[in-house]
Amino acid sequence: MQFSESLKKNHQFRFVYEYGRSYANRYLIMYVKENGTNRNRIGISVSKKVGNSVVRHRVTRLIRESYRLHENIFNSGLDIVIIARPGAAGKGYDEIESALLHLGKLHQIIKVYFYYDERV
């Protein structure tokens with residue numbers, strides 16, 4: 001992620017939870033708060049309710065990769081916290097990517113919402 005940093009500390013997550021705004025869909029919840037810099041900071045949270053450690057790490061990797069491939073279309077200067085819901089456990093990359101872009105569109109933090117579906 002060349003344009004982004006990670007949120008790592010508990011107080012950073014809590015600040016975004018308290019002062020940010022949130023939207024959710026079937027697989028993910030996204031909190032967004034402006035951070036006053038020109039870089040995004042992203043935090044990913046996957047609880048034990050989603051599954052065992054193998055499942056949780058897979059979901060984390062899918063979310064991180066979905067964001068990494070599309071980070072150039074996200075606005076800058078944001079703290080973004082993404083929480084995986086239990087429904088995300090068995091889903092593939094396409095569903096997670098679609099859920100992430102959908103939440104970005106709801107938050108109006110995507111510069112250009114362009115989705116190309118190769119299957120059509």
Side-chain angles (χ1 to χ4, degrees):
M1 294 187 288
Q2 69 187 61
F3 303 117
S4 302
E5 300 170 358
S6 294
L7 291 176
K8 295 184 178 169
K9 301 290 184 182
N10 187 26
H11 67 87
Q12 295 172 326
F13 278 83
R14 284 185 300 160
F15 184 78
V16 177
Y17 292 148
E18 188 172 345
Y19 296 107
R21 58 182 187 182
S22 69
Y23 286 105
N25 58 26
R26 184 178 295 191
Y27 305 128
L28 303 173
I29 303 168
M30 181 186 283
Y31 287 83
V32 175
K33 174 81 174 103
E34 291 185 11
N35 63 17
T37 66
N38 61 350
R39 297 178 66 93
N40 286 346
R41 296 188 304 178
I42 184 168
I44 299 171
S45 176
V46 184
S47 76
K48 288 185 178 181
K49 292 180 181 179
V50 175
N52 63 20
S53 66
V54 175
V55 173
R56 292 194 309 269
H57 288 294
R58 182 174 188 276
V59 170
T60 302
R61 288 192 310 269
L62 290 174
I63 294 170
R64 187 176 293 119
E65 182 68 3
S66 299
Y67 178 78
R68 184 187 71 84
L69 292 175
H70 296 293
E71 72 177 327
N72 58 340
I73 66 171
F74 281 87
N75 292 338
S76 298
L78 302 170
D79 285 346
I80 302 170
V81 175
I82 301 168
I83 304 169
R85 289 182 141 178
K91 301 306 172 202
Y93 175 77
D94 292 337
E95 290 95 353
I96 299 297
E97 176 189 38
S98 176
L100 182 72
L101 293 175
H102 173 254
L103 290 175
K105 184 179 176 185
L106 288 177
H107 276 289
Q108 298 176 351
I109 60 172
I110 291 183
K111 295 174 186 167
V112 177
Y113 186 76
F114 177 78
Y115 182 72
Y116 176 72
D117 192 358
E118 295 177 4
R119 293 172 282 170
V120 176

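Keep in mind it's a predicted model, so treat the numbers as computed, not measured. Hydrogens, waters and symmetry mates play no part in the numbers below; they use all other heavy atoms, side chains included.
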Under 3.5 Å, is there a donor-acceptor pair between the Y67 and S4 side chains?
->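 Side chains of Y67 and S4: pair found under 3.5 Å.
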Distance from [X] atom [atom1] to [Y] atom [atom2], nearest 0.5 Å?
{"X": "R26", "Y": "R85", "atom1": "CZ", "atom2": "CZ", "result": "10.5 Å"}
{"X": "I73", "Y": "K111", "atom1": "CD1", "atom2": "NZ", "result": "9.5 Å"}
{"X": "F15", "Y": "D79", "atom1": "CZ", "atom2": "CG", "result": "8.0 Å"}
{"X": "I82", "Y": "I80", "atom1": "CD1", "atom2": "CD1", "result": "6.5 Å"}
{"X": "K33", "Y": "S22", "atom1": "NZ", "atom2": "OG", "result": "13.5 Å"}
{"X": "K105", "Y": "L101", "atom1": "NZ", "atom2": "CG", "result": "10.5 Å"}

Residues E65, L69; criterion side-chain contact (heavy atoms from CB on, under 4.5 Å); working and verdict | CA-CA 6 Å; E65 182 68 3; L69 292 175; 3.7 Å; yes
Is the shortest distance from a Lys or Arg side-chain nitrogen in E71 or R68 to a carboxylate oxygen in the other one below 4.0 Å?
->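 No salt bridge links E71 with R68.
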Lys/Arg N to Asp/Glu carboxylate O, R41 vs E5, below 4.0 Å =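 Judged by the 4.0 Å cut-off on N to carboxylate O distance, R41 and E5 do not form a salt bridge.
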Are the side chain of [X] and the backbone of [Y] linked by a donor-acceptor contact shorter than 3.5 Å?
{"X": "N40", "Y": "F74", "value": "no"}
{"X": "N25", "Y": "A99", "value": "yes"}
{"X": "T37", "Y": "R39", "value": "yes"}
{"X": "S98", "Y": "D94", "value": "no"}

Can [Y] be reached from [X] by stepping across I, L, V, M, F, W or Y side chains whose heavy atoms are under 4.5 Å apart?
{"X": "I63", "Y": "I110", "value": "yes"}
{"X": "V55", "Y": "L100", "value": "yes"}
{"X": "L78", "Y": "Y23", "value": "yes"}
{"X": "M30", "Y": "L106", "value": "yes"}
{"X": "Y27", "Y": "V59", "value": "yes"}

Report, as yes or no, whether the 6.0 Å neighbourhood of atom OH on Y93 holds more than 12 heavy atoms from other residues, nucleotides or ligands.
->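 Yes, enclosed.
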Do H70 and E97 come within less than 4.5 Å of each other through their side chains, counting heavy atoms only?
->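 Yes, at least one pair of side-chain atoms sits under 4.5 Å.
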Kindly indicate whether the side chain of L7, heavy atoms from C-beta on, has any atom under 4.5 Å from the side chain of I42.
->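 They are not in side-chain contact.
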For Y17, all residues meeting side-chain contact (heavy atoms from CB on, under 4.5 Å), sequence neighbours excluded |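 In terms of side-chain contact (heavy atoms from CB on, under 4.5 Å), with neighbours along the sequence ignored, Y17 is linked to F13, Y31, S45, V81, I83.
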